[in-house]
Amino acid sequence: MRYLLLFLFAALVGACNNQPLVADTSTSDKGDEKLANVFDQYWEERMRLFPIDATQNGDNRYNDRLTLDISEPFRDTLRIFYTNYLNSIQQFDRTKLTENDQISYDIFKREMEVQLEGLQLNEHLIPFQQFWGLPLTMGQLGSGESSQPFKTAQDYRNWLGRAKTFAVWADTAIANFRKGIAAGYVLPQSLVAKMIPQLQDMANPDTAKSVFFGPLRKMPAEVTGDSALKNEFATTITTHLLPAYKRLGDFLQNEYLPKARTTTGISSTSNGVARYNYLVRYWTTTNKTPDEIYNTGLAEVKRIRGEMERIKTQVGFQGDLNAFFVHLRNDPKLMPFKTREEVLNAFRGIQQKIEPNLNKMFGRTPKTPFEIRQTEAFRAASAAAEYQQGTPDGKRPGVFYVPILDATTFNITSGMESLFLHEAIPGHHYQISLQQENESLPKFRRFSGYGAYGEGWALYTESLGRELGLYTDPYQYMGALGDEIHRAIRLVVDVGMHMKGMTREEAIKYMMDNEAISEQGAVAEIERYMAIPGQALSYKIGALKIRELRDKYTQQLGDKFNLANFHDEFLKDGMMPLDIIERKMDAWANRVASPKV
């Protein structure tokens, strides 16, 4: 296996060492064709470099592969890869390109530059944490309920290749964690304490409980007769995969936890301030400073609290807002569910309620199927509700996952209606599916992701609740306000923790003082921001920009403004950085204002 990995690395380095494509831009048509070739070649190489991304995109050519993406040789490969393609794109004369190719040019060039800058920050010294990373992804893939297919004997053999390689990845992760200790770049102790039980649970050898034995329990008829494959499958899990998880868990428990930091924010780590400033630019796709974002957060929290006070008065609650939060968290009438299926059915009811109004706001809707599911047990305790994309061919649906630890404590004021709009329809499901289904886009745009655009869109759609027939119940609307203030609070606590010395405990208190969230929920959220600095900023920054554009064009275009057309134009070309989408939307508004005869 090690020899095979070395061979793959050599092949990848060889491919990345190819000379950049030389652009002949003597005519715009030929230039566009060659630009498309650059994008196609880039995507093909990228799928080989990131085979799990390929699997998640429905490209099954590399389902047996798992790259050591946290190793130094792989990072060297990436530097060559991004540098070559940056050189390639810069050979084109942007002014001679079509409008859509100019958008592709701008996105691509920025992406190469940002990725090269990110490689200088040594993020691989923290290979994963409690919220996301390959150990959790492998659990999803290996469960048989995610994007890794388990339909044929070859599918099962493909997974064995990945499972065996994960053992090498795990050992590389341990080595990197040790380098992080030496370099002064380590995780906070509170996060490590959450990771250990995750790994221990996934290392459970009980075949009846192990998530990795799921595909063995659900083998299709054409595979069940292959006893040799079944034995190899079970042996690979027990001799390669589970021991790798045990090694990771033991290492974190015995060696890493005592060395983990007691501070909250990354500014206390080696090169932490520079790292955070980069992550702010990376996640928001803006040049806003942490201080600007922090002050925006304070202003938004104040504004939304005022609306919450109005709802408190409307329902006749006697007491201050914090007392109202306690009431919302604890009133049994607001927790009407007895079973997990009842919770899921409530979300299905929301979908049915908005369907009649969607065509008023969207001219284009996705073809990709959609489902609502409960989050898998092995990750539910640390997971938030989320959307997992489907495939453009419709073979795998988009899935809205809901973690339900105890249905009897699932509170309607948790923002069920706004949560569905955000994670499902018309939030992530519409945005991601329409993008993937648009075959006129180069693949690097069809399958790309930018948090400020994608999460910004999803948060913006929460504001469409009344227009879609929701938020008629003041308690559901209070839940929506809770979701909105939640994203505003993130601007305060994310910057506060990572740049202003706010402690974990102070951040938890600030969150609980300003929204109706349980202590358990606040802890999970705050520790998420500790684990992924800057990511939580993207939601509110993106949503504010989209609302700003909608308001600008409403005023600019007057009677010519059509909301469905605005939404369709915003979504049709896929995710992109905020400055690029604003230029694109300005051009659209100018065409609407002064159409060519």
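As the structure is a computational prediction, the values presented were derived from the model and not from experiment.
Using the six-membered ring where Trp is involved, W457 and Y460 have ring planes that are tilted, between 30° and 60° apart. In this pair, F420 and F400 present their aromatic rings perpendicular. The plane angle is above 60°, beyond the 30 to 60° band. Classified by interplanar angle (parallel below 30°, tilted 30° to 60°, perpendicular above 60°), the ring pair F370/Y387 is parallel.
Of the charged side-chain nitrogens involved, at least one lies within less than 4.0 Å of a carboxylate oxygen, so that R275 and E123 count as a salt-bridged pair. The pair K333-D331 fails the salt-bridge criterion, with no side-chain N (NZ, NE, NH1 or NH2) lying under 4.0 Å from an Asp/Glu carboxylate O. Here K218 pairs with E145 in a salt bridge; the nearest charged N to carboxylate O distance falls below 4.0 Å. Taking 4.0 Å as the cut-off between side-chain N and carboxylate O, E455 and R487 do not count as a salt-bridged pair.
Between atom CD of residue Q140 and atom CD of residue Q148 there is a gap of 12.0 Å, rounded to the nearest 0.5 Å. Rounding to the nearest 0.5 Å places CG of L125 at 14.0 Å from CZ of R178. Atom CZ in F447 sits 11.5 Å away from atom CD1 in I432 (nearest 0.5 Å). With rounding to the nearest 0.5 Å, the separation of CG in L160 from OG1 in T165 is 10.5 Å. Here the CD atom belonging to Q189 is positioned 9.5 Å from the OG1 atom belonging to T263, to the nearest 0.5 angstrom. With values rounded to the nearest 0.5 angstrom, Y185 atom OH is found 4.0 Å from I126 atom CD1.
F337 is listed as a side-chain neighbour of I412, based on a closest heavy-atom distance under 4.5 Å. The side-chain heavy atoms of L344 and I404, taken from C-beta on, include a pair separated by under 4.5 Å. The closest side-chain heavy-atom distance from L242 to I237 is below 4.5 Å. With a 4.5 Å cut-off on side-chain heavy atoms, P135 and F166 count as touching. Contact of the V301 side chain with the L298 side chain is not registered, since no non-hydrogen atoms from C-beta on lie closer than 4.5 Å. Taking 4.5 Å as the limit, some side-chain heavy atom of L279 sits within range of a side-chain heavy atom of I266.
Annotation: W159 is not in aromatic contact with Y156 [ring centroid separation under 6.0 Å not met]. Aromatic ring centres of F212 and F233 lie farther apart than the 6.0 Å criterion allows. Here F50 and Y62 keep their ring centres 6.0 angstrom or further from each other.
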(request) Mind running side-chain hydrogen bond (donor to acceptor under 3.5 Å, both in side chains) on H124 and E72 for me, showing each step along the way? (result) CA-CA 9 Å; H124 65 305; E72 292 295 348; 2.8 Å; yes
(request) With side-chain hydrogen bond (donor to acceptor under 3.5 Å, both in side chains) as the test, would you mind laying out the steps for D64 and Q154 before giving the verdict? (result) CA-CA 9 Å; D64 61 330; Q154 186 57 50; over 6 Å; no
(message) If you apply the rule side-chain hydrogen bond (donor to acceptor under 3.5 Å, both in side chains), what do you find for Y276 with D494, and how did you get there?
(response) CA-CA 10 Å; Y276 188 69; D494 197 290; 2.6 Å; yes
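Donor-acceptor pairing under 3.5 Å is lacking for the side chains of D69 and T67. Between N63 and R162, the side chains place no donor N or O within less than 3.5 Å of an acceptor N or O (distance only, hydrogens not considered).
Judged by distance alone, the side chain of H422 and the main-chain N or O of E462 form no donor-acceptor pair under 3.5 Å. A distance-only check finds no donor-acceptor pair linking the side chain of E519 to the backbone of M512 [under 3.5 Å].
Heavy atoms from other residues, nucleotides or ligands lying under 6.0 Å from NZ of K500 number more than 12. Heavy-atom contacts from other residues, nucleotides or ligands closer than 6.0 Å to CD of Q520 number 12 or fewer. Atom CD of E341 has more than 12 heavy atoms from other residues, nucleotides or ligands within 6.0 Å.
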Could you give the side-chain donor-acceptor pairs of residues 526-540 under 3.5 Å, partners two or more places apart or in another chain?
{"residue": "E527", "atom": "OE1", "partner": "K194", "partner atom": "NZ", "Å": "2.5"}
{"residue": "E527", "atom": "OE2", "partner": "K194", "partner atom": "NZ", "Å": "3.4"}
{"residue": "E527", "atom": "OE2", "partner": "R504", "partner atom": "NE", "Å": "3.0"}
{"residue": "E527", "atom": "OE2", "partner": "R504", "partner atom": "NH2", "Å": "3.0"}
{"residue": "R528", "atom": "NH2", "partner": "Q535", "partner atom": "OE1", "Å": "3.0"}
{"residue": "R528", "atom": "NH2", "partner": "Y539", "partner atom": "OH", "Å": "2.5"}
{"residue": "Y529", "atom": "OH", "partner": "H486", "partner atom": "NE2", "Å": "3.4"}
{"residue": "Y529", "atom": "OH", "partner": "R490", "partner atom": "NE", "Å": "2.8"}
{"residue": "Y529", "atom": "OH", "partner": "E525", "partner atom": "OE1", "Å": "2.6"}
{"residue": "Q535", "atom": "NE2", "partner": "Y539", "partner atom": "OH", "Å": "3.2"}
{"residue": "S538", "atom": "OG", "partner": "Q535", "partner atom": "O", "Å": "2.7"}
{"residue": "K540", "atom": "NZ", "partner": "E300", "partner atom": "OE1", "Å": "2.9"}
{"residue": "K540", "atom": "NZ", "partner": "E484", "partner atom": "OE2", "Å": "3.3"}

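Scanning both residues, V280 and T284, for their nearest heavy atoms gives O-OG1, 2.7 Å. When all heavy atoms of A183 and S270 are compared, the closest pair comes out as O-CB, 3.3 Å.
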